[in-house]
Amino acid sequence: MSVNRSVKFIRSGSKNHSPKVGIILGSGLGSFSDGVENARTFSYNDLPGFPQVSVAGHAGQLILGNVIETEVAVLQGRAHYYEHGQADVMKIPVQTLVELGCETLVLTNAAGSLVEDATPGSIMLLKDHINFTGVSPLFGESENSRFVDMVNAYDPTLRQKIRSIADEKNINIHEGVYIWFCGPSFETPAEIQAAKSLGADAVGMSTVPEVILARYFGLKVVALSIITNMAAGMSDLALSHEQTMENADHAAKDLELLLTEFLGTYLH
Ligand code: HPA
């Protein structure tokens, strides 16, 4: 199986790394991995079952190392459902994190905001999601374990920890519900109106399938969005991937600080 081969390859090329926390870095957030100490880097190209990463801002490498005293495994770059129409495209990478020993998965992404207060450049901690695509990364699984309980999928204790760190460090964060649209076109204003009435606070094209996979494999989950734009119809600015990347840069510093504190004190 691909996952066994990937894990074997990673183990043979790393020195006793035993990561406790996995991190998936979204668009424009790749620079967080520069702060990982004692880093050992693997290209996705060398890891069987890992996806090709085609979106600008996604590097396609796995980095093992530590942030302060916590051992981490950083997935720098993700593949999305919209790239090839496969909802389980991140299954092997997530399963690899589990096999390497991770117990928690931290996900980051770029998202559009549906609430006026959460302006571009701000951070939103996710407390729940709405899967608006009708697809699942667990299609085709046959065991009863596929019926995953999604209550408290976004770990309440770890969310509290993120909120305390944000308070302490004076980082303003919002908390809300993320809705997954399949993309790659941005949403229409009518879709955003519908999403608002369903209770969504942020919108994006990733993360939800990875959260489902993480819960399937028993990982605890924390997810943070960088708000890069107001969602379709909420501002006069045209939506573009370039705008997403530019605004991701602005909030990246705050998010990096938040993540460093979270990871650095994870074991306490
Ligand atoms: N919609 C979907 N995905 C996104 C957006 C958006 O407005 N912004 C960043 N990723």
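Predicted model only: the values in this text are computed from it and were never measured.
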Would N45 and Q52 count as a side-chain contact (heavy atoms from CB on, under 4.5 Å) if you check the C-alpha gap in whole Å, the side-chain angles of each, and the deciding distance to 0.1 Å? CA-CA 7 Å; N45 294 333; Q52 294 285 330; 3.7 Å; yes
Step by step, would you call T260 with F32 a side-chain contact (heavy atoms from CB on, under 4.5 Å)? CA-CA 9 Å; T260 303; F32 174 74; 3.6 Å; yes
Passes side-chain contact (heavy atoms from CB on, under 4.5 Å), K127 versus V177? Steps please. CA-CA 6 Å; K127 61 178 180 184; V177 174; 4.1 Å; yes
Do V222 and R159 pass the side-chain contact (heavy atoms from CB on, under 4.5 Å) test, and can you show the C-alpha distance, the side-chain angles, and the key distance before you say yes or no? CA-CA 7 Å; V222 175; R159 275 197 281 135; 5.8 Å; no
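Atom CZ in F186 sits 10.5 Å away from atom CD1 in I192 (nearest 0.5 Å). Considering NE2 of H17 and CG of L100, their distance stands at 11.0 Å, rounded to 0.5 Å. Taken from NZ in K220 to CG in D155, the straight-line distance is 5.5 Å, to the nearest 0.5 Å. Atoms CE and CD1, from M90 and I212 in turn, are 14.0 Å apart once rounded to the nearest 0.5 Å. To the nearest 0.5 Å, atom CZ of residue R5 and atom OG1 of residue T96 are 11.0 Å apart. With values rounded to the nearest 0.5 angstrom, D236 atom CG is found 12.0 Å from M230 atom CE.
Partners of E210 under the salt bridge (Lys or Arg N to Asp or Glu O under 4.0 Å) rule, at least two apart in sequence or in another chain, are R78. Taking E99 as the reference, V3, V7 meet the side-chain contact (heavy atoms from CB on, under 4.5 Å) condition, with sequence neighbours excluded. Here E103 pairs with Y266 under the side chain to side chain donor-acceptor pair (under 3.5 Å) rule; sequence neighbours left out. In terms of the side chain to side chain donor-acceptor pair (under 3.5 Å) criterion, residue partners of R163 (sequence neighbours excluded) are, by chain and number, Q160, E175. For D201, the side chain to side chain donor-acceptor pair (under 3.5 Å) criterion is met by no residue, not counting sequence neighbours. In this view, K196 satisfies the side chain to side chain donor-acceptor pair (under 3.5 Å) rule with no residue, not counting sequence neighbours. For R215, there are no salt bridge (Lys or Arg N to Asp or Glu O under 4.0 Å) partners at least two apart in sequence or on another chain.
Considering only heavy atoms from C-beta on, I10 comes within 4.5 Å of L47 through its side chain. Side-chain contact between K161 and F262 is present, with heavy atoms from C-beta onward closer than 4.5 Å. With a 4.5 Å cut-off on side-chain heavy atoms, V106 and V21 count as touching. Between T41 and L62, the closest side-chain pair of non-hydrogen atoms is not below 4.5 Å. Here the side chains of I226 and N109 are not in contact, with every heavy-atom distance at 4.5 Å or above. Residues V89 and P51 are in side-chain contact: their nearest non-hydrogen atoms beyond the backbone lie under 4.5 Å apart. Here the side chains of I24 and L105 are in contact, with some heavy-atom distance below 4.5 Å.
Identified under the ring-ring contact (aromatic ring centres under 6.0 Å, His included) test for residues 140-179, with sequence neighbours left out: H129-Y154. Identified under the side-chain hydrogen bond (donor to acceptor under 3.5 Å, both in side chains) test for residues 137-150, with sequence neighbours left out: K91-E141, E141-Y216. Here salt bridge (Lys or Arg N to Asp or Glu O under 4.0 Å) pairs that include residues 257-268, with residues two or more places apart or in two chains, are K169-E261.
Using a 4.5 Å cut-off between side-chain heavy atoms of Ile, Leu, Val, Met, Phe, Trp and Tyr, with links allowed through other members, M150 and V94 fall into the same hydrophobic cluster. Linking Ile, Leu, Val, Met, Phe, Trp and Tyr residues whenever their side-chain heavy atoms come within less than 4.5 Å places F42 and Y44 in a single cluster. W180 and F139 fall within the same hydrophobic cluster, defined by Ile, Leu, Val, Met, Phe, Trp and Tyr side-chain heavy atoms under 4.5 Å apart, directly or through other members. Two different hydrophobic clusters hold Y82 and I179 under the rule that ILVMFWY side chains link at heavy-atom gaps under 4.5 Å. Cluster membership check: L219 shares its hydrophobic cluster with I92, using side-chain heavy-atom separations under 4.5 Å among Ile, Leu, Val, Met, Phe, Trp and Tyr.
In terms of modelled atom types and a separation under 3.5 Å, the side chain of S225 and the main chain of I227 share no donor-acceptor contact. Judged purely by atom type and a 3.5 angstrom limit, E71 uses its side chain to pair as donor or acceptor with the backbone of S18. Checking side-chain atoms of T108 against main-chain N and O of L224 turns up no donor-acceptor pair under 3.5 Å. A donor-acceptor pair under 3.5 Å is absent between the side-chain atoms of D254 and the main chain of L258, judged by distance alone.
Pairing each heavy atom of S6 with each of P48, the nearest pair is OG-O, 2.7 Å. Here the closest non-hydrogen pair linking C182 and M205 is O-CB, 4.4 Å. Nearest heavy atom pair, residue A231 against residue V203, reads CB-CG1, 4.0 Å. Counting all heavy atoms, side chain and backbone alike, I23 lies closest to L25 at CG2-CD2, 3.8 Å. Scanning both residues, I130 and G199, for their nearest heavy atoms gives CD1-C, 4.4 Å. The shortest non-hydrogen separation linking A214 to V221 is CB-CG2, 3.6 Å.
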Which atom pairs, one a donor and one an acceptor, fall under 3.5 Å between side chains of residues 111-126 and the rest of the protein, sequence neighbours left out?
{"unit_1": "S113", "atom_1": "OG", "unit_2": "V115", "atom_2": "N", "d": "3.1"}
{"unit_1": "S113", "atom_1": "OG", "unit_2": "V115", "atom_2": "O", "d": "2.8"}
{"unit_1": "S113", "atom_1": "OG", "unit_2": "A118", "atom_2": "O", "d": "2.8"}
{"unit_1": "S122", "atom_1": "OG", "unit_2": "T119", "atom_2": "N", "d": "3.4"}
{"unit_1": "S122", "atom_1": "OG", "unit_2": "T119", "atom_2": "O", "d": "2.6"}

Identify all side-chain donor-acceptor contacts of residues 33-40 below 3.5 Å with residues at least two apart in sequence or on another chain.
{"unit_1": "S33", "atom_1": "OG", "unit_2": "G30", "atom_2": "O", "d": "2.6"}
{"unit_1": "S33", "atom_1": "OG", "unit_2": "Q76", "atom_2": "NE2", "d": "2.8"}
{"unit_1": "E37", "atom_1": "OE1", "unit_2": "N66", "atom_2": "ND2", "d": "3.4"}
{"unit_1": "N38", "atom_1": "ND2", "unit_2": "N66", "atom_2": "OD1", "d": "2.8"}
{"unit_1": "R40", "atom_1": "NE", "unit_2": "G13", "atom_2": "O", "d": "2.3"}
{"unit_1": "R40", "atom_1": "NH2", "unit_2": "G13", "atom_2": "O", "d": "3.4"}

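Taking the six-membered ring where tryptophan is involved, the planes of F181 and F132 are tilted, since the angle between them lies from 30° to 60°.
When each of V135, V208, D88 is paired with Y81, the side chain to side chain contact (heavy atoms under 4.5 Å, CB included) condition holds for V135 and for no other.
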